[in-house]
Amino acid sequence: MARPRTPKGRARRTHELLAEEYPEAVCELDHDNPFQLLVATILSAQCTDKRVNMVTPDLFAAYPTPEKLAEAPLAHVEELVRSTGFFATKARNIVGMAQDLVNHFDGQVPGKMSDLVSLPGVGRKTANVVRSVALGLPGLPVDTHVARITGLLGITEHKDPVKIELELNPMVPAAERGEFSLRLILHGRRVCIARRPRCHECVLASFCPSAGG
DNA sequence: ATCCCGAGGG
DNA sequence: CCCTCTGGAT
């Protein structure tokens, strides 16, 4: 298959092929509402979603709402999220985030990007996950997988995730950005694995410069 | 650029 | 042992 000449062409081809490969890519962080997804996504930094799903049931049982989490003893939250790594930072961030929701956003998860990134522990990646998965708003989360794969495919030259996001946005229709990200992430976990990519099994290999074999 | 900082894979 | 796992703040 011929390699599309432009970065945008490569982005579109990538999404076409990944949409066939992964028709129903879904967010695998367990959650029942936007607040829970926001907490789970903060916890997912440098950690597998599987491990996050191991700690959130107890966490949400103890602190089901922003109001409850805002008043939680830090030591108890640290204990509950310890196995996700960076536990001191994450505990402080999710409690502080809950306090901000109560104090500034009427206990609701805001949809505006500028509001979301004002919350402790929430950067653009986390904000875009919440927007696209829980709120039905446009959002293209750029995580380690999205950054790595778009770089390998020559869709972007940037290394900074925020620059990558801003460069990718015009290449992908707003309504498809969340799915595009989800599919790249799934592909990164299953096939284009950082440490040992399975190029033989990759549907993108025909136009991937790094698919040597 | 550096720190946070646990768990699992190769 | 070294790297990676859906990063964010300083």
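Just so you know, these numbers use all the heavy atoms, side chains as well, and skip hydrogens, waters and symmetry mates. Below, chains carry the letters A, B, ... as their sequence lines are ordered, and counting in each starts from 1.
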Please state the C1' separation for the pair C/dC2 and B/dC5 - nearest whole angstrom.
16 Å

In whole Å, what is the span from the NZ atom of A/K90 to the C1' atom of C/dT6?
11 Å

From CG of A/L43 over to C1' of B/dA7, roughly how many Å is that when rounded to an integer?
15 Å

Assign each of A/G121 and A/R195 the nucleotide of DNA chain C bearing its closest heavy atom; nearer the 5' end lies the nucleotide of A/R195

So A/V122, base contact, sugar-phosphate only, or nothing? Heavy-atom distance under 4.0 Å.
sugar-phosphate

Proximal nucleotide (of C/dT6, B/dA7, C/dC3) relative to the A/I185 side chain:
C/dT6

Looking at C/dC5, I'd like to know if its phosphate oxygens (OP1 or OP2) sit under 4.0 Å from a side-chain N or O belonging to A/R189.
no

Is A/R189 paired with A/D49 through a side-chain N to carboxylate O contact shorter than 4.0 Å?
yes

Check the distance between C/dT6's P and A/L182's CG and give it to me in whole angstrom.
12 Å

Without decimals, in angstroms, what is the distance between A/R190 CZ and C/dT6 P?
12 Å

Whether A/T126 contacts C/dG8 is assessed here as follows: a side-chain N or O lying under 4.0 Å from the phosphate OP1 or OP2. Is that the case?
yes

A/Y63 and A/H76 aromatic ring geometry - parallel, tilted or perpendicular at 30°/60° bounds:
perpendicular

Please report, rounded to the nearest Å, how far the P atom of C/dG7 is from the CD atom of A/E165.
14 Å

Does the side chain of A/R148 get closer than 4.0 angstrom to OP1 or OP2 of C/dC5 through an N or O atom?
yes

Looking only at side-chain N and O atoms, does A/H145 come under 4.0 Å of OP1 or OP2 in C/dT4?
no

Here's a test of your reading of the structure: between A/I193 and A/N93, which maps to the more 5' nucleotide of DNA chain C?
A/I193

Closest to side chain of A/R51, choosing from B/dA7, C/dT6, C/dT4:
B/dA7

Does any donor atom in the side chain of A/R12 or A/H15 lie under 3.5 Å from an acceptor atom in the other side chain?
no

Pairwise P distance, B/dA7 and C/dG8 [rounded to whole Å]
22 Å

Quick one: which of C/dG8, B/dG10, B/dC5 gets closest to the side chain of A/F86?
B/dC5

Using a heavy-atom cut-off of under 4.0 Å over every strand shown, decide if A/L184 touches base, sugar-phosphate, or nothing.
nothing

Would you kindly give the CD-to-C1' distance between A/E78 and B/dG6, to the nearest whole Å?
13 Å

Any base atoms under 4.0 Å from A/T84, or only sugar-phosphate, or nothing? Heavy atoms, all strands.
nothing

Closest of C/dG7, C/dC3, B/dA7 to the A/R82 side chain is B/dA7

Roughly how many Å is it from CG in A/L119 to P in C/dA9, rounded to a whole number?
9 Å

Any donor-acceptor pair under 3.5 Å from A/S44 side chain to A/C47 backbone
no

For A/Q46 and C/dC5, is the shortest distance between a side-chain N/O and OP1 or OP2 below 4.0 Å?
no

Does C/dC5 have OP1 or OP2 sitting under 4.0 Å from an N or O in the side chain of A/T144?
yes

Could you state the CG-P distance from A/D100 to C/dA9, rounded to the nearest angstrom?
12 Å

Please assess A/V133 against A/L29 for the test side-chain contact (heavy atoms from CB on, under 4.5 Å), listing each intermediate value before the final yes or no.
CA-CA 10 Å; A/V133 175; A/L29 291 170; over 6 Å; no

Salt bridge A/R183-A/E179, side-chain N to carboxylate O under 4.0 Å:
yes

Sticking with atom P, work out how far B/dT2 lies from C/dT6, rounded to a whole angstrom.
25 Å

